[in-house]
Amino acid sequence: MRKGIGAAWVVVLVAMALRPVSAIGQDFASEETERFDVSILIEPSGALRITETIVQQFASTPRHGIQRFIPNRLRYDDRSDRIYPIELVSVTASEGTPDDVETSEDGSNFIIRIGDPDVEITGRHTYEIVYRVEGAMNGFDSHDELYWNAIGDQWEQTIREMTVRVDGPADITRVACFQGPFGSTLGCDRERIRGGNAVFAQSNVPAFSAVSVVVAMPPGSVASTEPILEERWSLDRAFSRTRATVGGGIGLLALVAVGFGMLVWRRGRDVRYRGSQVDQVMGGSAGAETQAVPLFEKPAVAVEFAAPEDLRPGQVGTLIDEEANTLDVSATIVDLAVRGYLVIEEIPKSGLFGKTDWTLRRLQPQSPDLLEYERRLLDGLFEDGDEVTLSSLRKTFA
């Protein structure tokens with residue numbers, strides 16, 4: 001019985017001994033924020049001067065630094081966004097911590113990137129960020145109010161301890177604090193007024209959670225509580241039909257039409273040679289004068305009786321339809337007659353059922369000017385002599 005009890009105690013003691021080791025290993029394996037302290041000073045003008053001190057415990061996986069997303073734009077109404085212009089004052093870091101800074105804006109956040117892209121770090125590092133915010137105060141008949149999301153909802157690590165302190169140009173009279181997802185009404189661990197200032201605290205803030213603080217001061221404590229608004233662009237308003245937009249659109253359209261007409265009149269019309277229809281279409285002599293074609297003029301049609309660039313009719317026909325057909329052969333025969341190699345004479349028909357025929361008579365022998373296919377054509381036509389009828393070629397020449 002005692003042996004059983006002893007063995008059980010050994011198991012319990014081993015488990016208790018192993019538990020802290022496991023927890024320590026887990027701490028080193030995951031990155032977290034040990035502290036996130038925010039000090040907000042409300043200036044008499046209504047602007048905020050905010051100092052953030054962040055103690056970051058990086059895990060065993062090296063990182064280049066941190067990214068701070070500060071909300072700077074919220075939807076105000078159906079037409080406008082409320083914006084919070086942010087000016088970065090300074091960034092400092094603990095010894096051995098790269099503090100190169102790059103700022104940008106993305107959507108509704110002002111982004112501060114701190115670190116060196118060429119240097120990786122692990123372990124514990126501290127950052128201090130100082131920046132000013134305009135247009136964050138709200139004005140009511142009974143009080144001036146600050147409602148500020150002290151961390152945003154884009155912080156990627158769990159925050160073990162977070163504190164927020166708010167100092168104003170007048171004593172703070174009321175306070176409230178909310179933590180959790182954006183829009184949450186869950187209260188914070190601690191919210192109090194001490195010496196006219198507000199102090200807030202929250203432990204174990206999950207990643208991507210917000211901590212919003214609210215403080216009230218007597219009305220008139222700050223010079224300005226007017227929100228800074230920026231009209232949101234929308235397709236409907238861009239094309240809204242008002243006297244100004246309709247009139248401006250018609251005027252712009254008329255201006256574009258006039259400008260386009262002038263451009264077409266000066267640069268867009270075709271140019272031709274001056275002179276007769278043949279000169280206009282075929283081109284004038286070297287240095288001939290040109291003119292713009294008048295508007296609405298019917299195009300001139302000039303007839304050219306020679307194949308372009310000394311091409312034979314049979315060649316032109318073959319190029320057009322990519323086939324040497326009967327029409328191309330007939331055109332070549334007529335072309336050879338025009339050039340004096342043969343004569344084509346009509347034989348009138350005789351009798352009621354007679355048919356018209358033609359006589360082909362060769363005039364000159366082969367010439368060096370003939371192309372090879374023309375020589376073969378002549379030889380084929382006059383294979384049986386220097387004079388043949390077209391009807392006699394019907395069955396032999398095909």
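Between E43 and R132 a salt bridge is recorded (basic side-chain N to carboxylate O distance below 4.0 Å). A salt bridge links E231 with R79: the distance from a Lys NZ or Arg NE/NH1/NH2 to an Asp or Glu carboxylate oxygen falls below 4.0 Å. Looking at R361 and E345, a side-chain N of the basic residue comes within less than 4.0 Å of a carboxylate O on the acidic one, giving a salt bridge. D81 and R73 are joined by a salt bridge, as a carboxylate oxygen and a charged side-chain nitrogen come within less than 4.0 angstrom of each other. Between R165 and D167, at least one side-chain N (NZ, or NE/NH1/NH2) sits under 4.0 Å from a carboxylate O, which counts as a salt bridge. Using a 4.0 Å cut-off between charged side-chain N and carboxylate O, R339 and E374 make a salt bridge.
Closest approach of I66 and W155 over heavy atoms only: CD1-CH2, 4.3 Å. Contact detail for D328 and T332: the closest heavy-atom pair is O-OG1, 2.8 Å. Of all heavy-atom pairs between C188 and Q202, the closest is CA-OE1, 3.1 Å. When all heavy atoms of M137 and G46 are compared, the pair lying nearest together is CG-O, 3.2 Å. Pairing each heavy atom of R192 with each of V175, the nearest pair is N-CG2, 4.2 Å. Nearest heavy-atom pair, W358 versus E346, reported as atom, atom and distance to 0.1 Å: CD1-CA, 3.5 Å.
Taking the side chain as every heavy atom from C-beta outward, E323 and T318 never approach each other to under 4.5 Å. L229 places none of its side-chain heavy atoms less than 4.5 Å from the side chain of I83. Between P98 and I121, the closest side-chain pair of non-hydrogen atoms falls below 4.5 Å. Within the 4.5 Å cutoff, no side-chain heavy atoms of F200 are placed close to those of R190. A 4.5 Å side-chain heavy-atom check between V89 and R49 finds at least one atom pair inside the cut-off. Side-chain atoms of E387 and T359, non-hydrogen and from C-beta on, do get closer than 4.5 Å to each other. Two residues are said to be in side-chain contact when any heavy atoms from C-beta on lie closer than 4.5 Å; R174 and I193 fail this criterion. Contact of the V205 side chain with the T158 side chain is not registered, since no non-hydrogen atoms from C-beta on lie closer than 4.5 Å.
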Exercise. Check step by step if side-chain hydrogen bond (donor to acceptor under 3.5 Å, both in side chains) holds for Y131 and E52.
Key: CA-CA 9 Å; Y131 56 93; E52 297 178 352; 2.6 Å; yes
Exercise. Start with the C-alpha distance between N138 and D144, add both sets of side-chain angles, then the distance that settles side chain to side chain contact (heavy atoms under 4.5 Å, CB included), and finish with yes or no.
Key: CA-CA 6 Å; N138 303 305; D144 291 347; over 6 Å; no
Quiz item: Hey, mind stepping through D37 and T163 against side-chain hydrogen bond (donor to acceptor under 3.5 Å, both in side chains) and telling me if it holds?
Solution: CA-CA 5 Å; D37 298 326; T163 63; 2.6 Å; yes
Exercise. Go through the steps for Q67 and R113 under the test side-chain hydrogen bond (donor to acceptor under 3.5 Å, both in side chains), then give the verdict.
Key: CA-CA 5 Å; Q67 293 188 103; R113 293 180 173 89; 2.7 Å; yes
Quiz prompt | Stepwise side chain to side chain contact (heavy atoms under 4.5 Å, CB included) test for V213 and Y147 | solution = CA-CA 6 Å; V213 297; Y147 192 126; over 6 Å; no
Self-check item: Pair T97-T126, side chain to side chain contact (heavy atoms under 4.5 Å, CB included): steps then yes or no
Solution: CA-CA 8 Å; T97 303; T126 302; over 6 Å; no
Quiz item: Does the pair Y373 and Q315 meet the rule for a side chain to side chain contact (heavy atoms under 4.5 Å, CB included), with working shown?
Solution: CA-CA 10 Å; Y373 77 91; Q315 293 175 322; 3.7 Å; yes
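More than 12 heavy atoms of other residues, nucleotides or ligands shown are found within 6.0 angstrom of CZ on R75. Heavy atoms from other residues, nucleotides or ligands lying under 6.0 Å from CG of D106 number 12 at most.
Hydrophobic cluster membership of L252, counting Ile, Leu, Val, Met, Phe, Trp and Tyr whose side-chain heavy atoms lie under 4.5 Å apart directly or via other members: V256.
One hydrophobic cluster holds both I320 and L311 under the rule that ILVMFWY side chains link at heavy-atom gaps under 4.5 Å. Placement of L336 and I344 within a single hydrophobic cluster is found when ILVMFWY residues are connected by side-chain heavy-atom separations under 4.5 Å, directly or transitively. Cluster annotation: V214 and V199 are assigned to distinct hydrophobic clusters (Ile/Leu/Val/Met/Phe/Trp/Tyr, side-chain heavy-atom contacts under 4.5 Å, transitive). When hydrophobic clusters are built by joining Ile, Leu, Val, Met, Phe, Trp and Tyr residues whose side-chain heavy atoms come closer than 4.5 Å, directly or via intermediates, L363 is not grouped with L390.
Between the OG atom of S94 and the CD1 atom of I54 there is a distance of 12.0 Å, given to the nearest 0.5 Å. With rounding to the nearest 0.5 Å, the separation of CZ in F208 from CG in D153 is 9.0 Å. With rounding to the nearest 0.5 Å, the separation of CD1 in I42 from CD1 in I172 is 5.5 Å. To the nearest 0.5 angstrom, I70 atom CD1 is 7.0 Å from I50 atom CD1. Here CG of L360 is found 8.0 Å from OG1 of T389. Values are rounded to the nearest 0.5 Å. Interatomic distance, R82 CZ to S108 OG, rounded to the nearest 0.5 Å: 14.5 Å.
Between the side chain of N149 and the backbone N or O of G152, at least one donor-acceptor pair lies under 3.5 Å. Of the possible donor and acceptor atoms, one in the side chain of D357 sits under 3.5 Å from a partner among the backbone N and O of S391. One N or O on the side chain of R68 and one on the backbone of I151 form a donor-acceptor pair closer than 3.5 Å. Looking only at distances, no side-chain donor or acceptor of D335 sits under 3.5 Å from a matching main-chain atom of P313. Remark: the backbone N or O of L370 is paired with a side-chain donor or acceptor of R375 at under 3.5 angstrom. Using a distance-only test at 3.5 Å, with no hydrogens or angles considered, no donor-acceptor pair links the side chain of T33 to the main chain of R35. Under the 3.5 Å distance criterion, the side-chain polar atoms of D189 are matched with a main-chain donor or acceptor of S203. Judged purely by atom type and a 3.5 angstrom limit, N325 uses its side chain to pair as donor or acceptor with the backbone of L327. In this structure, S221 contributes its side chain and P218 its backbone to a donor-acceptor pair below 3.5 Å.
Using the six-membered ring where Trp is involved, W148 and Y84 have ring planes that are perpendicular, over 60° apart on the 30 and 60° scheme.
Screening Q157, E34, H125 for a side-chain hydrogen bond (donor to acceptor under 3.5 Å, both in side chains) with Q56, the sole residue that qualifies is Q157.
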